[in-house]
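Following: one structure in structure tokens, then a few remarks.
What you see below is based on every heavy atom in this structure, not just the backbone, and it leaves out hydrogens, waters and symmetry mates.
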Amino acid sequence: MRNLENLAEYAHEQLARIQRMQDDLAAQFGTGESPRGYVRAVTGPGGALQELRIDPNAMRLPVGDLTAEVTAAVVEAQREYAERANEIMAPILASAPSEQSVGDLEAGMHRLDGLVNDLDRVARRRGLDS
């Protein structure tokens, strides 16, 4: 019975670490600015664009140049977010997410979610949840 209690305690500690990681990731963002400074972008989890600011003077640029400015700002913001996510997730995943393929990372997160759910169910059944 003591081993089961130790397992449940360990599971709760891991659940708390994962929850903190998820909360930390949700609070992160990345910012990027275009080479000429005409465009600023802010991205969040999954590279989602949260904000895009375009200097009115940028409207005088040729379409191709403006497109390059927007793209550069968004890519820089996504890179910055990825760096922050790596710092948060690497200790838990034992490697930086950017070193893994998207499919590998998603599969790992699905397995992790399944493990969390399984451990939570076991703890509840045993009356060990807090």
Side-chain angles (χ1 to χ4, degrees):
M1 183 63 178
R2 183 70 190 140
N3 285 339
L4 185 57
E5 289 173 1
N6 289 343
L7 177 61
E9 182 179 324
Y10 174 77
H12 279 285
E13 289 170 4
Q14 296 310 307
L15 288 170
R17 284 181 67 197
I18 292 166
Q19 185 62 52
R20 281 191 306 273
M21 178 189 74
Q22 290 173 333
D23 292 345
D24 289 346
L25 286 171
Q28 296 302 311
F29 59 91
T31 59
E33 186 172 357
S34 67
R36 295 187 203 177
Y38 285 123
V39 180
R40 285 187 49 84
V42 177
T43 59
L49 185 62
Q50 296 179 339
E51 184 178 322
L52 184 67
R53 292 187 183 195
I54 301 175
D55 184 306
N57 294 320
M59 298 307 169
R60 295 185 184 120
L61 294 173
V63 172
D65 290 354
L66 180 55
T67 300
E69 289 282 301
V70 170
T71 301
V74 171
V75 167
E76 177 63 21
Q78 291 172 331
R79 185 201 56 74
E80 184 178 288
Y81 179 85
E83 284 180 6
R84 291 178 180 188
N86 279 345
E87 291 171 6
I88 292 167
M89 296 174 73
I92 293 173
L93 300 178
S95 70
S98 63
E99 296 171 358
Q100 302 175 3
S101 74
V102 173
D104 289 343
L105 184 58
E106 287 177 355
M109 292 304 286
H110 286 298
R111 285 192 305 271
L112 189 57
D113 287 342
L115 176 61
V116 167
N117 292 336
D118 291 346
L119 291 172
D120 195 35
R121 271 195 308 277
V122 168
R124 278 196 312 267
R125 269 191 244 144
R126 299 290 184 188
L128 301 172
D129 54 339
S130 51

**Message:** More than 12 heavy atoms of other residues, nucleotides or ligands under 6.0 Å from CZ of R53: yes or no?
**Reply:** no
**Request:** Check step by step if side chain to side chain contact (heavy atoms under 4.5 Å, CB included) holds for T31 and E51.
**Result:** CA-CA 9 Å; T31 59; E51 184 178 322; over 6 Å; no
**Message:** Using the rule given for side chain to side chain contact (heavy atoms under 4.5 Å, CB included), can you reason through E80 versus T43, listing the C-alpha separation, both sets of side-chain angles and the distance that settles it, and then say yes or no?
**Reply:** CA-CA 9 Å; E80 184 178 288; T43 59; over 6 Å; no
**Message:** For the backbone of E33 and the side chain of E76, can you confirm whether one donor and one acceptor N or O come within less than 3.5 Å of each other?
**Reply:** no
**Request:** Report whether V39 and L61 are members of the same hydrophobic cluster (ILVMFWY, side-chain heavy atoms less than 4.5 Å apart, transitive linking).
**Result:** yes
**Asked** Does the side chain of L66 reach to within under 4.5 Å of the side chain of M59, using non-hydrogen atoms?
**Response** yes
**Request:** Could you tell me the separation between the CE atom of M89 and the CD atom of Q22, rounded to the nearest 0.5 Å?
**Result:** 9.0 Å
**Prompt:** If you round to the nearest 0.5 Å, how far is CG of L52 from CZ of R40?
**Reply:** 11.0 Å
**Request:** Quick one: closest heavy-atom pair of P45 and A26, and the distance?
**Result:** CG-CA, 4.2 Å
**Fill in**
For residues 11-22, the salt bridge (charged side-chain N to carboxylate O under 4.0 Å, His left out) pairs (sequence neighbours left out) are none
**Message:** What verdict does the side chain to side chain donor-acceptor pair (under 3.5 Å) test give for D23 and Q19, after you've listed the backbone C-alpha separation in whole Å, the side-chain angles of each residue and the deciding distance to 0.1 Å?
**Reply:** CA-CA 6 Å; D23 292 345; Q19 185 62 52; 2.8 Å; yes
**Prompt:** Is Y81 reaching over with its side chain to a backbone N or O of L25, donor-acceptor style, under 3.5 angstrom?
**Reply:** yes
**Request:** Would you kindly confirm whether F29 and L49 end up in one hydrophobic cluster when ILVMFWY residues are joined by side chain heavy atoms under 4.5 Å apart?
**Result:** no
**Request:** May I ask you to decide if S34's main-chain N or O and E69's side chain share a donor-acceptor pair within less than 3.5 Å?
**Result:** no
